[in-house]
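Below, chains carry the letters A, B, ... as their sequence lines are ordered, and counting in each starts from 1. Just so we're clear, the structure is a prediction, and the values are computed from it rather than from any experiment.
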2 protein chains.
Amino acid sequence: MKKLTQSMEDYIEAIYVISLTSKVIRVKEIAKFLNVKTPSVVDAVGKLTQRGLVIHEKYGYLELTDKGCELAKEVNDKHEKVYKFFNEVLGVSDSISKKDACNIEHYISKEAMDRMIKFIKFVDTCPEGYPEWLKNFNYYAKHGKRPAVCHKRSVSK
Amino acid sequence: MKKLTQSMEDYIEAIYVISLTSKVIRVKEIAKFLNVKTPSVVDAVGKLTQRGLVIHEKYGYLELTDKGCELAKEVNDKHEKVYKFFNEVLGVSDSISKKDACNIEHYISKEAMDRMIKFIKFVDTCPEGYPEWLKNFNYYAKHGKRPAVCHKRSVSK
DNA sequence: GTATATAGTTAGATTAATCTAACATTTTTA
DNA sequence: TAAAAATGTTAGATTAATCTAACTATATAC
C-alpha cells in the first residue's frame, strides 16, 4: 500500500491524539486541532476511510481502525521522539521543538530516528545521572564557551 | 517578501550547488540534479526570475542574482549543517544523512539549527579531541549497552 | 414538537507542483 | 550550410490540498 502523504499523516495523527483525551471524535475537533476548515477534514477523512484507516458514520463520530491506530501511533511516536530530542538534548524551547517535530516527523528516516531514540536513552541511562558533558554543552550553547574547568580531584582511590 | 516554498528552495539550492562545480548552468542540468522534467524547471525558473532571484536568458544560461545567491546559500547551509549533525554526531550513514538533510533543511527552525551548529562545534572543539562520551554513544548505539568501564587512573596530579 | 443553532457535507474554485506531447530554437556535424 | 540532434518552451492535463458558499442533517431549547 502506498505511503500516506504528509497531510494524511497529519490527519490520522490528529485523530489519534484527540482520542487520547476525548471520548468521541468529531470532524469539527479535527479541524480545530489542525487549523483547517471542516470541508478539508471531510475530504481527508474520506480518503483515510477508503484506505481502511478510519471509520466514519455520516454526520456522526469517527474512529481509527486497528490498522489506522497502528499507523497513527507510528507517526505520533516519531513526533514525540523528535520533540524530546530537540528539547532535552539540543535544548530547543518547548514551543519550537513542538513545531519542528510537527514538520520533521514526516520526513525523518528510520535510521536517524533510531539514533535519536538511542541518544535520549544514552543520556537517560547515564550512570552518573544527568551527564556532565551535556551540562557543558548547555553552558556552551548559552555562553559561547565551555565552563571554566573545575580541576576536581580524582574520585578513584 | 513571501517565503519560498519547499520546491522553490530546492530549485534555487540546486542552481547554487551546480554553480559550485560548473561554469555555466542550463535547464537540463537542474532537471537532472532534481530528478524532474525540463518543463518543471522552466516553470520554477520563471517564478524565481519574477522574484528577482535568478536571471535566465531564453534558451541560454542561468545565473543567480546576488539576492538569489544569498538565499541559496542559506538553504544550502542548513542542508550542510543538518547533514553534518546527523552524520557526525548521531552516526547516521552518509546516504541517509544526505536524504534526511534534503528534506529537513526546509522545515527546521533557526533555533534548532543554531543548536545543531553549536553541538557540532562543541564536539569539534573538545579539548581532549574526539570526546569520550561520543565514542561511548557510538558504542552504545551499536551494541545496545555502554562499553565496559575502564577504571583509568586519574590524570591530574 | 417546531424553530434555531450547531455540525457536517457537497460543489466548485484556487494554488502549487508536477507531467506528457507538441513545438521552437540552438548547436553540432557531415 | 543544411540536416539532425540536443536543448528549451508552451499548452494542457493531473493530483493534492486547501478554501468559500450553499446546502443538509442533527441536536437543543423553548
Which atom pairs, donor and acceptor, lie under 3.5 Å between side-chain atoms of residues 39-53 of chain B and protein residues at least two apart or in another chain?
from	atom 1	to	atom 2	distance (Å)
B:T49	OG1	B:V45	O	2.7
B:R51	NH2	B:K2	O	2.2

Below 3.5 Å, can you tabulate the donor-acceptor pairs from side chains in residues 118-129 of chain B to any protein atom, sequence neighbours excluded?
from	atom 1	to	atom 2	distance (Å)
B:K118	NZ	A:A141	O	3.2
B:K118	NZ	B:D114	OD2	3.2
B:T125	OG1	A:R146	NH1	2.9
B:T125	OG1	B:K121	O	2.8

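Taking 4.0 angstrom as the limit, A:H56 places a side-chain polar atom (N or O) nearer than this to OP1 or OP2 of C:dT9.
Regarding B:K58, its NZ atom lies at a distance of 12 Å from the C1' atom of C:dC23, rounded to whole Å. If you measure from atom CD1 of B:I25 to atom C1' of D:dG8, you get 16 Å, rounded to the nearest angstrom.
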What verdict does the side-chain hydrogen bond (donor to acceptor under 3.5 Å, both in side chains) test give for B:Y107 and B:Q6, after you've listed the backbone C-alpha separation in whole Å, the side-chain angles of each residue and the deciding distance to 0.1 Å?
CA-CA 8 Å; B:Y107 300 108; B:Q6 197 221 111; 2.6 Å; yes

Check the interface with nucleotides 4-7 of chain C: list each N/O to N/O pair with the protein under 3.5 Å, or write none.
from	atom 1	to	atom 2	distance (Å)
C:dA7	OP1	A:K28	NZ	3.3
C:dA7	OP2	A:K28	NZ	2.6

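Here the side chain of B:N35 pairs no donor or acceptor atom with the backbone of B:A31 at under 3.5 angstrom. Remark: side-chain polar atoms of B:S22 are not paired, donor with acceptor, to backbone N or O of B:I25 under 3.5 angstrom.
Listed by first and then second residue, the side-chain hydrogen bond (donor to acceptor under 3.5 Å, both in side chains) pairs involving residues 9-18 of chain B are B:E9-B:H106, B:D10-B:H106, B:E13-B:N76 (not counting sequence neighbours).
The pair A:K67-A:E70 does not count as a salt bridge, with every side-chain nitrogen at least 4.0 angstrom from each carboxylate oxygen.
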Annotated protein contacts, base or backbone, on nucleotides 14-21 of chain D with a non-hydrogen cut-off under 4.0 Å, one of B, S, - each
---SBBBB

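The side-chain contact (heavy atoms from CB on, under 4.5 Å) check on B:S109 picks up A:I96, A:D100, B:E111, B:A112, with sequence neighbours excluded.
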